[in-house]
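Below is one structure, written out as structure tokens; the observations come after it.
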Amino acid sequence: MSDARTTRRHETYPLLTLTRCHINDVMILHFDVPHDVTKAVFKFKARDDSTSFLASSCDPRNVSLYMKAGAYPVINPDGVPLPKSFLNISRPTLYELILKTDSSPKTISVDSPVAGDWFAVAFLSWTDPKKERIEQQGLTARCEAHLYSELSVNVQQNVVIIAPNEGDIKVILLQNTTRVYKYYVPENIDHVLISSEVVTPCKYCANITIMVQTGVVPNDLEYQEKLVISGRQEDKYIIRVWPEDTNWHYLTFIFDENVMKNKLAKDYLEFAVNLKYLSGLHQEKYRNNSAGQVNLYKTSVSKHLTVKDGALQYNIAYKQYTLMRLTAPDNFIFEYDFRPEENGSTPVLLNVTSDEMTVLKFSVYKVIDIGGTLTVGLAIKPELNIKKELRRNYTIIACIRRNAREIPVYPNLCYYNNTNGKAPLILNSTNTGSLEFLHIPFPEPGTYFLSLRVFDSKCDPCNCSEECDTLFRTCMEECEVNCTSECGSCTEECRNKVLYDGCEECNCDGTCEKVNGTEMFNVSLVFSISSNPCIAGRCGQHGKCNHYMAGGFIFSSCQCSGGYRGWDCSDSSQVLTNHEILIAILLLTLSNLLFIPSIYFAYKRNYYTEAATYFCSMFASTFYHACDSKENQYGFCLFPIQVLQFCDFYCALLTIWVTLVAMAYTNNRIISLCHVVGAVILAFGVTYNKHALWVYLLPTISGIIIIGVNWGLQCRKSRKLFPARKYLKLYMPFGAFLVIMGLVSFAFLETKENYKIVHSLWHVVMALSLIFLLPNKKTFIPKN
């Protein structure tokens, strides 16, 4: 039986209201994953609740959810490409999930999750805004989506903490047993040496698996180093690990249940494990200046690199600077610079030499730093006093990684833990003076290392045989296991030994063949490392950088205008052309001129209050739509947009009310009372909620009731049909038809794509309907 027992934890999070997909409308969920977790299951359910009396249920909608560890997910759900300057460094895996708002559960299962903060963002899935119907509040089902989330974790029990320099650690493996150990790696450790020696072998046992991983319990898919060994004889095995600074590392021994070939045989193994930190390679020197401040400068140290294209494992010296943080009062605004020298001055330039690597170290804090964008800028100082034909051709490769140092490799690679990745920044001597930027949006917290190295552009490939590489590795293992303090010389000693033993072709400088007599040279750089909201605090020419809060967490995002989209408001795929913009404005504004005939006939029929109301409605609607297009060059705002919007809605409702009161054809005292009371109530309704259905129904239904009552009283009093047959059979039906056509188009046919046409049609038919509905004594009053 395995002693790796598990326990389960459940955490339930409250229901969260979801909104339509915009980067500033997302809901942020936060999860706290404990240490020593072997598996985490995130469970989500979404449902829709109807808040409209017209519908008791809602059609299921899609909910998009993205999740990752450390910081907020960087997403582009509308398909707009992220800016090219965004750095795709080694970042935690992004998990994606699509839910239906029908309460059906879906899960995200993560094996060996990173301990600490996990963030998920959820929103109603993106749809093309041009195809979205403009729904009038109260006429369609109003649905609110809610999200339910739950976290369950399996925590590995009996994890043993081990430390270096404590002698051999005894490990006994029984059949079907997994042993898990963890050790903490502080700062300035170049690599860790794990020695495993079989003390008591098992003659009939199959292979044993040893795995090492940083930060999480290793498994078959998630491991940094994996070694399958035989336990049938006494032997010693060495694992060299590239650690992450200030992090826990896990060591797992697995003895499978079906490995026994003889059930009567002894079924256990005994190991002796020894942990060794090679910290002698990394030395620090402190100098106290006159001001009593400590100035840190890390001297050149040895680092080990195995290059995959045939070059011999070699040492590379590097110097490291711990940068000083300068923080501004505003959110996400801070920068890094050199620490002051002994005389109080701060260096302006960074010197990078060809014989060593230069590393800049800086930290990003949890929660408070992750809502902005981390920006790194580099530029080569121009060589002003050197003739162009005498200038050296060189290339500077920059690598950046969180919690570990990557090594620049010619011509365009970054190396870490036996893997090569493409370098995010490459500077050439042909392009000096201009800053090259890379951006890390929503950066994960931790310690970042920016590694720089300059290479001569003349590089001949270096090839080293497998026999020479094996000879070198064997020498390194023996030297590092047996060394006590001066382990930094192992690489150079073994390298010289291999070269002396007939491996001259392995004389390499990284992936390039080393040329004897090549002189060292240096290059001066200007660097900038800072954080700002959005992208350098801006959103281009078509957006505004804002701060938002969701789920108690603050982040920055661009609010785009003029139809522009994207992370930096640079995507113009949905931007209208100047021709289309001009047509839209002219349609929406000039269509209001159809109120002029209504004003004229109202005046001719002695309806002066109604004529003034129609004029105000025409004036407010015209200038509101002109101002509503202020994001382009044709927009014009006579008054603030909020004032014009109120006037537009208010005057439109007042037009409906005074027309219905006029159609009731009652005495002047009642008309005056209706005008005053209606004006006050409509002002209140528009201020309270101008989009609410009751704001439109109240004057309409009230007016129809007044019309019905007064017309009935007139019929009873005169014993005749009221109003005249011609009005009832011709004018009123035609006017009602125009009103119904306008209402249907306004309430059910408008989309963002056809808005300019359909809404202009609404202006036209409503204005023309007034001519037919407003009473004319010649056609309205029955003849005696």
Side-chain angles (χ1 to χ4, degrees), residues 87 89 297-305 307 309 311-312 314-323 336 338 347-362 376-401 404-416 420-438 448-462 491 507-529:
L87 177 62
I89 62 171
Y297 175 79
K298 296 186 176 178
T299 59
S300 300
V301 298
S302 296
K303 203 73 175 174
H304 301 251
L305 171 63
V307 184
D309 59 359
L312 186 68
Y314 71 100
N315 69 316
I316 176 173
Y318 73 87
K319 57 185 177 182
Q320 178 172 291
Y321 300 93
T322 300
L323 301 181
Y336 301 92
F338 284 120
V348 177
L349 299 176
L350 173 66
N351 288 324
V352 180
T353 59
S354 60
D355 64 337
E356 63 183 3
M357 181 175 71
T358 301
V359 179
L360 301 180
K361 176 183 176 182
F362 56 95
V376 177
L378 293 173
I380 301 174
K381 179 188 176 184
E383 297 174 328
L384 301 178
N385 299 324
I386 301 178
K387 294 182 179 180
K388 185 175 181 180
E389 58 272 12
L390 298 178
R391 294 176 182 175
R392 181 188 295 269
N393 291 325
Y394 56 84
T395 299
I396 297 177
I397 299 175
C399 306
I400 185 169
R401 191 178 184 90
R405 302 168 190 83
E406 287 186 327
I407 299 179
V409 178
Y410 191 85
N412 60 352
L413 300 176
C414 293
Y415 175 88
Y416 173 74
N420 288 325
K422 188 175 181 181
L425 260 183
I426 300 175
L427 285 76
N428 295 309
S429 56
T430 55
N431 185 19
T432 61
S434 60
L435 275 171
E436 296 288 336
F437 289 101
L438 57 89
Y448 283 79
F449 296 93
L450 176 63
S451 306
L452 305 163
R453 194 180 181 195
V454 58
F455 296 89
D456 195 303
S457 296
K458 297 179 181 179
C459 174
D460 295 324
C462 184
T491 306
N507 188 22
C508 308
D509 183 9
T511 57
C512 301
E513 183 178 335
K514 195 170 186 177
V515 180
N516 294 327
T518 302
E519 62 178 5
M520 183 272 294
F521 65 97
N522 69 294
V523 177
S524 295
L525 294 179
V526 177
F527 76 91
S528 170
I529 303 176

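Note that these values count all heavy atoms, side chains included, but never hydrogens, waters or copies made by symmetry.
Atom CD1 in I380 sits 8.0 Å away from atom OG1 in T430 (nearest 0.5 Å). Here the CG-CD distance, from N522 to E356, works out to 10.0 Å after rounding to the nearest 0.5 Å. The OG1 atom of T322 sits 5.5 Å away from the CD atom of Q320 when rounded to the nearest 0.5 Å. Distance check: Y415 OH to N420 CG gives 7.5 Å after rounding to the nearest 0.5 Å. Distance CZ/F437 to CG/L425: 10.0 Å, rounded to 0.5 Å. In this structure, I396 CD1 and L378 CG are separated by 8.0 Å, a value rounded to the nearest 0.5 Å.
The minimum heavy-atom distance between P424 and C399, with the atom names listed, is CD-CA, 4.2 Å. Of all heavy-atom pairs between E406 and M357, the closest is O-SD, 3.8 Å. What you find for V352 and T358 is that their closest heavy atoms are CA-OG1, 4.0 Å. The nearest pair of heavy atoms linking V454 to V523 is CG2-CG2, 3.9 Å. The nearest pair of heavy atoms linking S451 to P408 is O-CG, 3.9 Å. Here the closest heavy-atom approach between residue N351 and residue K319 is recorded as O-NZ, 3.5 Å.
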Stepwise side-chain contact (heavy atoms from CB on, under 4.5 Å) check, L349 with V526: CA-CA 5 Å; L349 299 176; V526 177; 3.5 Å; yes
Is there a side-chain contact (heavy atoms from CB on, under 4.5 Å) between V359 and L450 once you walk through the steps? CA-CA 5 Å; V359 179; L450 176 63; over 6 Å; no
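Residues passing the ring-ring contact (aromatic ring centres under 6.0 Å, His included) test with Y394, sequence neighbours excluded: none. With sequence neighbours left out, F449 forms a ring-ring contact (aromatic ring centres under 6.0 Å, His included) with no residue at all. I426 meets the side chain to side chain contact (heavy atoms under 4.5 Å, CB included) test with T395, N412, A423, N428; sequence neighbours excluded.
Considering only heavy atoms from C-beta on, F338 comes within 4.5 Å of L350 through its side chain. You'll find the side chain of I397 stays beyond 4.5 Å of the side chain of L452, heavy atoms only.
By the 30° and 60° cut-offs, the orientation of the rings of F362 relative to Y336 is tilted.
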